Protein chains: 2
Amino acid sequence: MSSKRGPQATRRGRPRQADVARAAGVSQTTVSLVLGGNKQGIVIQEATRERVLEAARTLGYVPDPAARSLATARNSLLGVFSFTATFPTDARHSYHPLLAGVEQEAAAQGYDLVLFTGSSAHGPAATTPEQLDRVRLADGCLFLGRHIPARELRRLVQDGYPAVHVGRRDELEGLAWVGADYVSASADVVRRLADAGHRRVVLVREDDDAPASDDRERGFRLGLERAGLPAGPEAVFRTADPAAELTAERVRAWRADGATAFVAEETDTGGAWRALLDAVAAAGLAAPRDLSLALLGEPPADLVGGPVPTGFDVPRTELGATAVRLLVSVMAGEPLAEEPRGGEPERGEPGGGGRQPGPLVACAFRAGATAGPPPPPPPGTA
Amino acid sequence: MSSKRGPQATRRGRPRQADVARAAGVSQTTVSLVLGGNKQGIVIQEATRERVLEAARTLGYVPDPAARSLATARNSLLGVFSFTATFPTDARHSYHPLLAGVEQEAAAQGYDLVLFTGSSAHGPAATTPEQLDRVRLADGCLFLGRHIPARELRRLVQDGYPAVHVGRRDELEGLAWVGADYVSASADVVRRLADAGHRRVVLVREDDDAPASDDRERGFRLGLERAGLPAGPEAVFRTADPAAELTAERVRAWRADGATAFVAEETDTGGAWRALLDAVAAAGLAAPRDLSLALLGEPPADLVGGPVPTGFDVPRTELGATAVRLLVSVMAGEPLAEEPRGGEPERGEPGGGGRQPGPLVACAFRAGATAGPPPPPPPGTA
DNA sequence: CACCGGAACTAATGCGTATTAGTAGCAGTG
DNA sequence: CACTGCTACTAATACGCATTAGTTCCGGTG
C-alpha cells in the first residue's frame, strides 16, 4: 500500500508541496511559485499554473504555517503579555474591552494573537526572565499592567525587540507606549465642576505611584489652577486604605470647610470611589443633591447597577487598537530608531489641548448623575 | 563591533542555538540537548550543561517556535478558535469566565494561548478554510461557538489534528468535546420543585435547536418523569418570540390549570426568563409568594441587580479548564485513536446521574429567591 | 553560424531545531 | 597492544516552504 512513504511514519496524510509537484509533474519550486505569492514576478505558463492548482485542490493541500514562518522569518503573531492574569477570575477589572480592540485591529492587520500566560501561572508578581523571553516567539508584543519588571523588559527592548506598553511608561528608556490622556480628561472634569459653580474640590486617591494615578492627579491640579481654585496640598487626600480612613466625619469636615465636590481616581479595585460613596452615604448625604461626586474613570463592575458616576470613559477599545497600530509600525520601521517612541511625555507643560496627536488617546466626558451645581450654603454656615 | 554577523542582515538580534553554542564553546547539537528535553537520555557533563545554560541565559535565548514546530510538530501553544469574534463585547459575560479558566489551566500546563478569530477582516460568518487551517500552528485547539463550519473542521479532525469543542457536539464524528451537564442540573431543579410540593411545572424555551437548549428540555422532562409529574407536550411552552407570546393571560391560564412553578431556559439574550418575569409581573403575581420561578442557568447581565433566580450556575471557568485538560490529553494520546473522544454522547438513555465522569461538568444548584413551596390553592379554585 | 537574450522552469540552499548517526578519547580486557 | 565498550560530544540530516541561482530551450541578431 504505502510504498514510498517517507523514511518515517511522520506523514500524517497531510500533503505537502512536493506531493502536489509530483501530481502536477512539476518541481516543488513551481508549486511554491504558483501557490505562494510569487512576489518575484516569475512567469509561469497558464497551463502549468492550472495543473498545479488542480492538483493542489485534489489533494487538499494546505501550507504548513510553521514551515512558512521559518522560511520567511515572521509568523504573523502578536504577543500580549500581562503582568497579571489577562482574564482575572475575580472580574473586578477586566482587560476585555482592551483586548477587543487589540484583537480587532490585529485581525485587520493580518495578525493572530498570542496570550502569554506566564504571569498567571505562579500568582502575581512572579514574572521570571524565562517567561518574558518566551514573548520573542511573536513578531512583536504588547505589555499590560500597572507595574512592570523593568529590568527584564529593558533587555528585550535593547535587543531591538518590538515592544509596546499599554499605558504611559516613561521610566523605561526606549520603550514605546500608548496611553489614555488622563491629564486632559481629569482637568476637564474639574473644569466642568468649576463651571457648575463649585469653588472647592477634593481629590481622593490611593497611595500608589502608578503613572495612571499620577496623571490623574496632575490633571486634577491643572484643572484647579486653570479655574483659579485652591490647589494646595489639602486639595488631595491620599491614603493607603480609603475604606478605613475615608470616614463620614472626614466628609463632614470637608464640607464644613467649603468643599462641595469630590473626585475619586479609578483603580483596579475601585477602592477610592467605593470608599467615597460609602462615606457620603454614612454622612447621610446624597449626590448630586447635597454635594457633587465624580469618578476619574469607570466604576468597578459590581457598581455598574447604581447611578452612573459623572466622570470620563476610558476608550479602552480604541487604546487597544492604537497600541496594535503602533506596534505594527515599530515592527516595520527600525525597531531601534529614536523617532517612533511613545512620543513626548508631555512632562512639565501638559498642554491639555490637542498637543500631541501621537500615542495619547482622548477620554470622553461622561455626564453621569452624581454631579450638579453646588447646594445653597447650609443654614449653619457663615 | 559586529564583526561576524551572518551573511544577511536578517539577524534581528534574536539569538539562536548556534549563537549559544558559540558562546559556550560547544556544538549546536549540545545546546539543543541541554535546552531541549533530551529525551534520548544522552549524557552531558554537568560543567558543560552549566556553561550552556549560562550562555543561553546571558544571550536571552528562546527557541523559535516555528523551527521547533517544524522539527517536532509541537510548540507549547494552544489555540482558541472562535467562530464568532474571539472577544465579542456583548457576550462578554459568557466568554470571559470561560477564557479565564482556559488561561489558568493552560498556564498551569505550560502552554501559551493563540487566539484565532474566525470572523476577522472578512465580516462574520465567513470562516474560510484558510483561516481554520491557520490553527495548525498551535499544537492543538479549542473551538467555541454555537454553529460550526462542520466541513472544514472535519478535515482538521480527520487529519489527526487535536481539537476539542467547548459545548456538546455530537454531530461531528471524532470531535472531542466538553460540556456542562445541563441534563442533570435541569432535572435537579425540577426535583427540588417537586420536593417543595409543586405538582405541575411548565418549561418556557425559545425556538432554537442548539444542543444546550435540547439538553435542558431533556433534563426537565427527565425530572418530571422521576417525580411522577405530568410530562406531556403541554409541559413545555416553546416559542420563537417569548416577549410577545408569553402574556399575563397565558400565565393566569396555566395557574388556573394547576401549574405553580415555571422554569425558563437560559439563552444568549435571556429572552425566555425576561418574558417570564414580565408576564408574571403583568399578571399581578409575585414569586415566590404566588408561584415559583426557576432559571436553568444564569440571568443576563442587566438583571444581575434583581432578586437571585433559583436555578443553577454554569461552571464556565471550570469548563474552560476541563477543556484544556481534555485537549492536552488528546494531544498526548494517539490523536487518531478511537478512545479519547468526547465520551459517549449519552443519547437515548441520559442516565442523568453520575454516569459519565468524562467531559460533562456538573452545574451547581443555586437556591436563589424566586422559588418556594406552592401557595395554598386560591379561593376560586375547586 | 556563433552568440545573445528572454521565457519557463528547476536545482540548490537557507531558515532554526531535533534527532540520528557517528567520532574522538580513554579505561579496561585477554 | 589490538580491541572492546563507554563517555561525551559533534557532524549531518530532515522538516516544509521561500528564494536565489542557475539551466534548458528556442527565436532572433550581426
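In what follows, every chain begins at residue 1, and chains take the letters A, B, ... in the order their sequences are listed. Only this structure's heavy atoms are used, side chains among them; waters, hydrogens and symmetry mates stay out. Quick caveat: nothing in here was measured; it's all calculated off a predicted structure.
Looking at heavy atoms from C-beta onward, Leu142(B) lies out of side-chain contact with Leu78(B) at the 4.5 angstrom threshold.
One interatomic measurement links the two molecules: CZ of Arg22(A) to P of dT10(C), which rounds to 14 Å at whole-angstrom precision. Atom CG of Asn38(B) and atom C1' of dT19(C) are 11 Å apart (whole Å). One interatomic measurement links the two molecules: CD of Gln28(A) to C1' of dA14(D), which rounds to 14 Å at whole-angstrom precision. Rounded to whole angstrom, the span from the NZ atom of Lys39(B) across to the P atom of dT19(C) amounts to 7 Å. Spacing between atom CZ of Arg14(B) and atom C1' of dT17(C) amounts to 11 Å, rounded to whole angstrom units. In this structure, Leu70(A) places its CG atom 11 Å from P of dA18(D), rounding to the nearest Å.
In this model, the phosphate group of dT10(C) is approached by a side-chain N or O of Thr30(A) to a distance below 4.0 Å at OP1 or OP2. For Ser27(B), no side-chain nitrogen or oxygen approaches OP1 or OP2 of dC9(D) to under 4.0 Å. For the OP1/OP2 pair of dA18(D) and a distance below 4.0 Å, the side-chain nitrogens and oxygens of Gln17(A) include at least one atom meeting the criterion.
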Would you list the protein and nucleotides 24-26 of chain D atom pairs, both N or O, that sit under 3.5 Å from each other?
none

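Residue-level contact check: Thr72(A) touches the backbone only, with heavy atoms under 4.0 Å from sugar-phosphate atoms and none from bases. Residue contacts shown for Val31(A) are absent, as no nucleic acid heavy atom lies under 4.0 Å away.
Residues satisfying the salt bridge (charged side-chain N to carboxylate O under 4.0 Å, His left out) test with Asp133(A), not counting sequence neighbours, are Arg136(A), Arg155(A). Legend: residues meeting side-chain contact (heavy atoms from CB on, under 4.5 Å) with Leu33(A), ordered by chain and number and at least two apart, are Thr29(A), Asn38(A), Gln40(A), Ile42(A), Ile44(A). In this view, Arg68(B) and Pro63(B), Thr72(B) satisfy the side-chain contact (heavy atoms from CB on, under 4.5 Å) rule, not counting sequence neighbours. Remark: Ser69(B) pairs with no residue by the side chain to side chain donor-acceptor pair (under 3.5 Å) rule, at least two apart or across chains. Considering only residues two or more places apart in sequence or on other chains, Glu318(B) meets the salt bridge (charged side-chain N to carboxylate O under 4.0 Å, His left out) condition with none of them. With sequence neighbours excluded, the residues forming a side-chain contact (heavy atoms from CB on, under 4.5 Å) with Ala55(B) are Val20(B), Ala23(B), Ala24(B), listed by chain and number. Residues satisfying the side-chain contact (heavy atoms from CB on, under 4.5 Å) test with Ala71(A), not counting sequence neighbours, are none.
Side-chain N or O atoms of Asn75(B) include one that pairs as donor or acceptor with a backbone N or O of Leu137(B) at under 3.5 Å.
Applying the salt bridge (charged side-chain N to carboxylate O under 4.0 Å, His left out) definition to pairs two or more places apart or across chains, those involving residues 44-56 of chain B are Glu54(B)-Arg57(B). Here salt bridge (charged side-chain N to carboxylate O under 4.0 Å, His left out) pairs that include residues 320-332 of chain A, with residues two or more places apart or in two chains, are Glu105(A)-Arg325(A).
Note on ring orientation: taking the six-membered ring where Trp is involved, the planes of Phe83(A) and His165(A) are parallel (angle under 30°, cut-offs 30° and 60°).
Ranked by how close their nearest DNA chain C nucleotide is to the 5' end, Ala71(A) and Leu33(A) are led by Leu33(A).
Of all nucleotides listed (dA18(C), dT10(C), dC17(D)), dC17(D) comes nearest to the side chain of Ala67(A). Here dT20(D) is the nucleotide among dT10(C), dC17(D), dT20(D) with the atom lying nearest to any side-chain atom of Gln40(A).
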Problem - Nucleotide-resolved protein contact map, nucleotides 21-28 of chain C, B/S/- at heavy-atom distance under 4.0 Å - result: --------
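Within residues 44-53 of chain A, no residue has any heavy atom closer than 4.0 Å to DNA chain D.
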